[in-house]
J.: 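This is the structure, below, for whatever I ask next.
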Amino acid sequence: MKIFNDMEKYDYEQLVFCQDKHSGLKAIIAIHDTTLGPALGGTRMWTYKTEEAAIEDALRLARGMTYKNAAAGLDLGGGKTVIIGNPKTDKNPEMFRAFGRFIQGLNGRYITAEDVGTTEEDMDLIHLETDYVTGTSGANSSGNPSPVTAYGVYKGMKAAAKEAFGDDSLEGKTIAVQGVGNVAYNLCKHLNNEGAKLIVTDINKEAVRLAVESFGAEAVDPDDIYDVDCDIYAPCALGATINDDTLKRLKAKVVAGSANNQLKEARHGDMLHEMGIVYAPDYVINSGGVINVADELQGYNEERALKKVETIYHTLGRVFEISKRDQIPSYIAADRMAEERIAMKKQSRSQFLLNEHHILSRRS
Ligand SMILES: NC(=O)C1=CN([C@@H]2O[C@H](COP(=O)(O)OP(=O)(O)OC[C@H]3O[C@@H](n4cnc5c(N)ncnc54)[C@H](O)[C@@H]3O)[C@@H](O)[C@H]2O)C=CC1
Ligand SMILES: CC(C)CC(=O)C(=O)O
């Protein structure tokens, strides 16, 4: 793996390797772009097969956060951490404290939050060492972001349904949900309340049992989820599930779910477009969590945060409009929106401003 080549390809700013022998911490913090502000993105703990796979995941996820935060209108850049290890067996408090000290060492360039494999309790441990963490259990914190991410995905799915079916109601629609973890369990609640029919799968049998019991969902084996008759496919586990194999099998008219990096490669987004499947770009539809934790940075106000999360419906509406107007796939329309925001900020930075810290201020 040629790390600088990979960093240069998408212009990554910084890659930080954190090792602590005492606790067993092996973490990689990737900071993609801080044009809009400090990099905010969660910490994923996962059993990566190789170190290269962990680095690749950190880089891909961090870049996704740059686009997510930009498209959501947040003054934040993109970053993400992966911790190498099994979240069920390899965690210990010292590991998260050591990680917190590494974050503190970045002096605010990176702010963390939860992601797959980490919890509110882990954020509390990080918080013992640094303030650059969100989603803790503290009184002024926004807590676990997953239910709010789910709310945003629900609103975004309605926008995608409107685009595909001409009506945003999900009543009577059959929705195939892949992975019923923290986000998707909460998503299923909203979908069930609206009268959708749910087909679920997960590699964790307990998660499936809970969804079947709570929402009367039909359960299928993990690999069968791509073949079921459904209106909407909701990928809510890990990434890259839109690929050459699954595209041949999907029957849905809409792809709308919480997973990050749903397209294995960009060309799979082109293929969705050509097949007439409405794709809600992953980083737009799943931005509810980051919108919620980002609200903490100005003193958390739940009502304000949820109002902002609801704008995902309109943001996606705009993405679909641009897609139709310019005859481009929705993922490209979303990328353009995000890139325009970053480019505008870069341009404004190029103009000298007397009220900023500058070389003349050293004279006084
Ligand atoms: N938690 C949050 O607020 C946010 C989460 N996301 C993304 O949404 C996705 C889900 O996140 P969470 O619900 O927090 O994670 P989670 O770990 O609670 O849930 C993921 C579920 O997917 C299942 N799973 C893993 N591989 C599978 C497979 N091959 N087939 C079926 N099920 C499988 C797991 O067993 C687990 O139950 C992730 O991609 C995450 O990055 C994105 C934005 C925010
Ligand atoms: C979990 C969120 C708060 C941040 C993040 O990492 C994401 O949106 O993927």
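Remember, it's 1-based here, ligands and their atoms both numbered in the order they're listed. Just so it is clear, the values below take in all heavy atoms, side chains as well, and ignore hydrogens, waters and symmetry mates.
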J.: What do you reckon, does N182 have a nitrogen or oxygen under 3.5 Å from a nitrogen or oxygen of ligand 1?
T.: yes
J.: Using a strict threshold of under 4.0 Å (side-chain N to carboxylate O), is an ion pair present between E13 and R109?
T.: yes
J.: Looking at K345 and D33, is any side-chain nitrogen of the basic one under 4.0 Å from a carboxylate oxygen of the acidic one?
T.: no
J.: For atom 19 (O) of ligand 1, which of A259, G42, G181 has the closest heavy atom?
T.: G181
J.: Is the cationic atom of R249 (NZ for Lys, CZ for Arg) positioned less than 6.0 Å from the six-membered ring centroid of Y226 and within 45 degrees of its normal?
T.: no
J.: Can you tell me which residues line ligand 2 if we count any heavy atom under 4.0 angstrom from one of its atoms, in chain and number order?
T.: G41, G42, M65, K68, K80, A113, E114, P145, N260, G289, V290, V293
J.: Can you tell me if E114 has a non-hydrogen atom under 4.0 Å from ligand 1?
T.: no
J.: If you measure from atom 6 (N) of ligand 1 to every heavy atom of A150, P145, S258, which option wins on shortest distance?
T.: S258
J.: Between L61 and ligand 1, find which residue part has any heavy-atom pair under 4.0 Å and reply side chain, backbone, both or neither.
T.: neither
J.: Distance under 4.0 Å to a non-hydrogen atom of V116: what atoms of ligand 1 satisfy this?
T.: 11 (O), 15 (O), 17 (O), 38 (C), 40 (C), 41 (O)
J.: Find all atoms of ligand 1 within a distance of less than 4.0 Å from any non-hydrogen atom belonging to N260, and give their numbers and elements.
T.: 6 (N), 7 (C), 39 (O), 40 (C), 41 (O), 42 (C)
J.: Would you mind checking which non-hydrogen protein atom is closest to atom 29 (N) of ligand 1, with the distance to 0.1 Å?
T.: I203 CG2, 4.1 Å
J.: If we only count N/O pairs under 3.5 Å, is Q178 in contact with ligand 1?
T.: no
J.: Taking 4.0 angstrom as the limit, do K307 and E303 come out as a salt bridge?
T.: yes
J.: Pick whichever of T119, N204, D202 has a heavy atom sitting closest to atom 34 (C) of ligand 1.
T.: D202
J.: Quick one: nearest non-hydrogen protein atom to atom 9 (C) of ligand 1, plus distance?
T.: A237 O, 3.2 Å
J.: Using distance alone, determine whether T149 and ligand 1 share an N or O pair under 3.5 Å.
T.: yes
J.: Under a 4.0 Å heavy-atom limit, does C236 contact ligand 1 with its side chain, its backbone, both, or neither?
T.: backbone
J.: Does the Lys NZ or Arg CZ of K173 fall within the cation-pi geometry relative to F165 - under 6.0 Å from the ring centre and within 45° of the axis?
T.: yes
